[in-house]
Colleague: 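Take this structure, written in structure tokens, and hold onto it; I'll ask about it next.
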Amino acid sequence: MTARATLPYGSWPSPISAADVARARLRLSFPLVSGSRVWWQETRPDEGGRTTVMLLDAGGDPVELLPAPWNARTRVHEYGGRSYLPIPSGSGHTLLFSNYEDQRLHLLDPGDAKPRPLTPEPARPGGLRYADYVLSPDATEVWCVCEGHTPDGIRRAIVAVPLDGSAADNPAAIREIVTGDHFFASPAPSPTGGHLAWVQWSHPRMPWDGTEVRVAALEDGRAVTPRTVKGGLTESALAPLWVGEQALYVVSDWPGFWNIYQVGLYGESPQALYPAEEEFADALWQLGGMPYAQLGDGRLAVLHGEGDQRLGVYDPDTLDLVDLDLPYSDWSMSLSADGAVVVGVAGGPDTATAVVRVDTATGAAEVLRSELDELPDPAYLPTPRPDRLDGTFGRAVHAYVYEPANPVAEGPADELPPYVVFVHGGPTSRASQRLDLERAYFTSRGIGVVDVNYGGSTGYGRSYRERLRRQWGVVDVEDAVSAARALADAGFADPERLAIRGASAGGWTTLAAVTSTDVFKAATSYFGISDLKSLAAATHDFESQYLFGLIGPLPGFERAYEERSPLNRADATACPVLLLQGADDPVVPPDQSERFAQSLAAQKIPHAHLTFEGEAHGFRRSETVTTCLEAELSFYGQTLNFTPRGVPTLTLN
């Protein structure tokens with residue numbers, strides 16, 4: 001065995017390039033199964049972030065159904081979700097999808113070269129958006145959530161769109177089924193078509209705060225006499241699934257964790273299927289997925305766990321929940337089943353995220369499509385160490401620690417590695433142990449990573465999630481700082497070479513941390529928030545009152561908004577800052593980064609501010625990802641005192 005070279009941390013040679021990380025940004029999502037056919041969405045960074053729809057046909061071959069320039073992406077809630085629905089037809093399946101450019105629903109019939117529109121052209125681009133599609137009981141319509149953007153405001157409803165194309169030129173052909181609340185999700189017709197179940201909620205609540213699962217009889221194609229069967233102001237109820245015509249399975253966090261219940265339509269007491277201090281669902285950021293699915297024999301394929309989600313099979317008759325022995329530690333919250341087969345998107349620390357088909361009868365799993373064509377040498381991949389670090393006031397902080405890993409290099413005996421605290425977005429979201437080449441990009445070069453599931457993250461129950469209530473910019477910062485200090489105190493990290501980075505809400509925590517503490521020597525904000533008041537006035541409707549729970553309602557909490565905003569404390573910034581921003585971001589407007597950069601310049605604080613045309617919220621283009629990662633590595637080299645290999649030198653102002 002060749003001896004490893006002793007090299008300064010951060011300067012190790014690595015075969016994992018920024019371009020490799022960009023290529024690994026292929027994203028697979030929202031699979032559906034019917035018989036031997038499986039569909040899924042595929043977002044491709046090398047095509048400018050275009051999303052296509054793939055089909056594994058009866059012969060087992062993957063086929064692209066949607067050629068360029070068609071882009072299957074819905075903008076409902078700006079975060080979208082499942083953007084397609086296969087509809088059975090005489091010659092196979094017709095593909096319904098939302099086209100990103102105009103947000104109209106289209107149908108692509110088998111054998112046709114060009115889709116045809118189903119919905120009318122809106123008065124202004126993107127003015128009508130559709131998501132969460134389900135076929136009507138008589139198979140003549142698609143029922144879905146419709147979001148209308150007008151000069152008078154935004155309105156949503158569950159609507160019926162005829163599949164014969166009559167609404168393409170006649171908006172009146174679209175029928176409203178359910179109206180009356182700010183937000184809707186998960187329309188689910190009963191097996192005989194006599195009832196409709198759905199999820200709804202209203203401002204200022206987010207769907208993890210309080211939602212209702214409602215049921216109504218269907219008369220003349222409209223929902224009548226709706227009633228709430230689960231949920232409320234302080235209960236998040238999600239994912240209705242019919243059990244016959246008179247009962248539903250529903251996920252609710254009423255006991256403190258999202259568990260599955262069976263509820264009747266006529267006031268029967270809800271029955272918990274498997275009470276556990278585990279989550280059986282996650283935050284409803286995107287529409288169109290289901291965290292569980294019913295198998296042909298009545299059992300349920302379920303996702304559950306603390307933090308990462310594993311796949312199991314629950315038997316309502318025996319009340320047993322048995323996990324499947326699979327090499328995947330975490331699954332996306334979107335399962336589909338047919339008979340004994342379930343499909344989902346899953347990955348693990350040393351297993352690439354993939355569309356996976358599982359035969360629950362045999363336990364056999366088959367990878368249908370992987371986000372990585374080829375894995376790097378496993379010796380360059382870091383092994384996650386789940387940890388509960390000590391936080392402020394004795395709070396436990398959940399985190400995954402990734403130590404530097406490289407088979408050909410090691411650090412000097414008298415040197416500790418620099419560490420970067422990764423802060424996830426959301427903030428109501430979570431970090432996962434799944435393989436991520438972005439982490440490996442740093443750890444393979446001798447830079448440690450700690451991925452923090454700070455208070456407010458999902459995966460650990462409602463009370464952990466609500467630690468952030470009116471404490472955003474406080475608890476998340478304290479937990480990120482505590483994680484960094486704990487690693488330094490334990491002798492894993494160099495206390496003088498700690499950095500922090502995050503995207504969106506993670507960018508906010510990053511900027512809040514370096515304007516209120518001096519723990520970090522470098523900070524990278526990807527489209528992060530710097531000014532709360534302007535964000536509250538300018539951000540999109542779905543999150544327009546999110547801050548009411550995270551900071552406090554307006555009017556009333558203006559002082560807290562001002563005091564916590566990093567922009568108002570830019571003169572106290574303790575370290576150099578790298579700002580990375582999409583020019584077309586509808587969620588965090590570009591001026592959030594621009595004004596912070598201006599304040600840093602006024603204070604003569606070293607910084608760089610890069611803006612990318614054509615990028616929105618979350619970078620999707622391979623060239624953007626490559627540029628950002630190389631800039632970030634150069635930035636850390638300059639600020640944490642090491643010389644990285646093979647990247648252009650970033651100019652700091």
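For clarity, every value in this text was computed on a predicted model and none was experimentally measured.
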Colleague: Can you see which heavy atom on L335 is nearest to which on P291, and at what distance?
Modeller: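 Scanning both residues completely, I find the closest heavy atoms to be CD1-O, 3.9 Å.
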Colleague: Under a 3.5 Å distance rule, please check whether E279 uses its side chain to pair with a backbone N or O of W258 as donor and acceptor.
Modeller: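 Side chain of E279 to backbone of W258, a donor-acceptor pair under 3.5 Å: yes, one is there.
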Colleague: Please examine the side chains of M206 and F183, heavy atoms only from C-beta on, and report whether any two atoms are closer than 4.5 Å.
Modeller: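 The answer is no, as the side chains (C-beta and beyond) never meet within the 4.5 Å cut-off.
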Colleague: Looking at Q286 and Y79, would you say the former's side chain and the latter's main chain have a donor-acceptor pair under 3.5 Å?
Modeller: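 It does hold such a pair.
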Colleague: Answer yes or no: is there a donor N or O on one side and an acceptor on the other, between the side chain of D112 and the main chain of K114, under 3.5 Å?
Modeller: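 Judged by distance alone, no pair lies under 3.5 Å.
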Colleague: Does any donor atom in the side chain of S332 or R434 lie under 3.5 Å from an acceptor atom in the other side chain?
Modeller: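 A donor-acceptor contact under 3.5 Å links the two side chains.
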Colleague: Where do V33 and S336 come nearest, in terms of heavy atoms and distance?
Modeller: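 Taking V33 first and S336 second, the nearest heavy atoms are N-OG, 3.1 Å.
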Colleague: Let's go through T228 and E212 carefully: what are the C-alpha distance in whole Å and the side-chain angles of both, what is the deciding distance for side chain to side chain donor-acceptor pair (under 3.5 Å) to 0.1 Å, and is it a yes or a no?
Modeller: CA-CA 6 Å; T228 299; E212 300 171 79; 2.5 Å; yes
Colleague: Under a 4.0 Å N-O cut-off, is there an ion pair linking R205 with E235?
Modeller: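 Looking at E235 together with R205, the answer is no, because their closest N to O distance does not fall below 4.0 Å.
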Colleague: If we check side-chain contact (heavy atoms from CB on, under 4.5 Å) with L96, which of these qualifies: L135, L107, V161?
Modeller: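 Result for side-chain contact (heavy atoms from CB on, under 4.5 Å) with L96: L107.
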Colleague: So L368 and M54, side chain to side chain contact (heavy atoms under 4.5 Å, CB included) or not? Walk me through it.
Modeller: CA-CA 11 Å; L368 305 183; M54 300 293 292; over 6 Å; no
Colleague: Looking at D138, I want to see if its CG is surrounded by more than 12 non-hydrogen atoms of other residues, nucleotides or ligands under 6.0 Å.
Modeller: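 Yes, CG of D138 has more than 12 neighbouring heavy atoms, counting only those of other groups under 6.0 Å.
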Colleague: Looking at D373 and R23, is there a salt bridge between them, counting it only when a charged N and a carboxylate O are closer than 4.0 Å?
Modeller: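 No, this pair does not count.
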Colleague: Under 6.0 Å from the six-membered ring centre of W208 and within 45° of its axis: does the NZ or CZ of R430 meet both?
Modeller: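 That pair does not qualify as a cation-pi contact.
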Colleague: If every non-hydrogen atom of L238 is compared with every non-hydrogen atom of V199, which pair is closest and at what distance?
Modeller: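 Nearest pair, atom of L238 first, then V199: CA-CG2, 4.1 Å.
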Colleague: If you measure from CE on M333 to CZ on F280, what distance do you get to the nearest 0.5 Å?
Modeller: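 Result: 10.0 Å between the selected atoms.
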Colleague: Apply the side-chain contact (heavy atoms from CB on, under 4.5 Å) test between L241 and each candidate in L300, V251, V250; give the one that qualifies.
Modeller: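 Considering L300, V251, V250, a side-chain contact (heavy atoms from CB on, under 4.5 Å) with L241 is found only for L300.
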Colleague: Report the C-alpha distance between V342 and L311 in whole Å, list the side-chain angles of each, state the deciding distance to 0.1 Å, and finish with yes or no for side chain to side chain contact (heavy atoms under 4.5 Å, CB included).
Modeller: CA-CA 10 Å; V342 60; L311 177 64; 4.2 Å; yes
Colleague: Where is the tightest heavy-atom contact between F184 and V145, given as atom of each residue plus distance?
Modeller: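 That closest heavy-atom pairing would be O-CG2, 3.5 Å.
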Colleague: Can you name the nearest heavy-atom pair linking W331 to A346, along with the distance?
Modeller: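 Looking at all heavy atoms of both residues, the shortest contact is CD2-CB, 3.3 Å.
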Colleague: Looking only at non-hydrogen atoms, find the nearest pair between E219 and V224 and report the distance.
Modeller: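 Nearest heavy atoms, E219 then V224: CD-CG2, 3.6 Å.
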Colleague: Decide yes or no for I177 and L218: does some side-chain heavy atom of the first lie under 4.5 Å from some side-chain heavy atom of the second?
Modeller: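 Yes - at least one pair of side-chain heavy atoms lies under 4.5 Å apart.
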Colleague: Could you tell me how the ring of Y454 sits relative to the ring of H424: parallel (under 30°), tilted (30 to 60°) or perpendicular (over 60°)?
Modeller: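 The arrangement is parallel - the two ring planes meet at less than 30°.
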Colleague: Please tell me whether D253 and S236 have a donor and an acceptor in their side chains that are separated by less than 3.5 angstrom.
Modeller: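 There is no such pair between these side chains.
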Colleague: Counting only heavy atoms not in W254, do more than 12 fall under 6.0 Å of its CH2?
Modeller: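 Not more than 12 within 6.0 Å, no.
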Colleague: Side chains of N259 and H304: is there a donor and an acceptor less than 3.5 Å apart?
Modeller: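 Absent: no donor and acceptor within the cut-off.
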Colleague: Any non-hydrogen side-chain atom of F97 less than 4.5 Å from a side-chain atom of S83?
Modeller: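 No, side chains not in contact.
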Colleague: Roughly how far, to the nearest 0.5 Å, is the CG atom of L196 from the CH2 atom of W143?
Modeller: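 So the CH2 of W143 and the CG of L196 are separated by 6.0 Å.
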Colleague: Taking side chain as C-beta onward, heavy atoms only, is H77 less than 4.5 Å from R156?
Modeller: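 Counting from C-beta outward, H77 and R156 do come under 4.5 Å.
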Colleague: Show which side-chain atoms of residues 60-72 pair as donor or acceptor with protein atoms under 3.5 Å away, not counting sequence neighbours.
Modeller:
| from | atom 1 | to | atom 2 | distance (Å) |
| --- | --- | --- | --- | --- |
| E64 | OE1 | R44 | NH1 | 3.3 |
| E64 | OE2 | R44 | NH1 | 3.4 |
| E64 | OE2 | R50 | NH2 | 2.7 |
| E64 | OE2 | T52 | OG1 | 3.1 |
| N71 | OD1 | T51 | N | 2.8 |

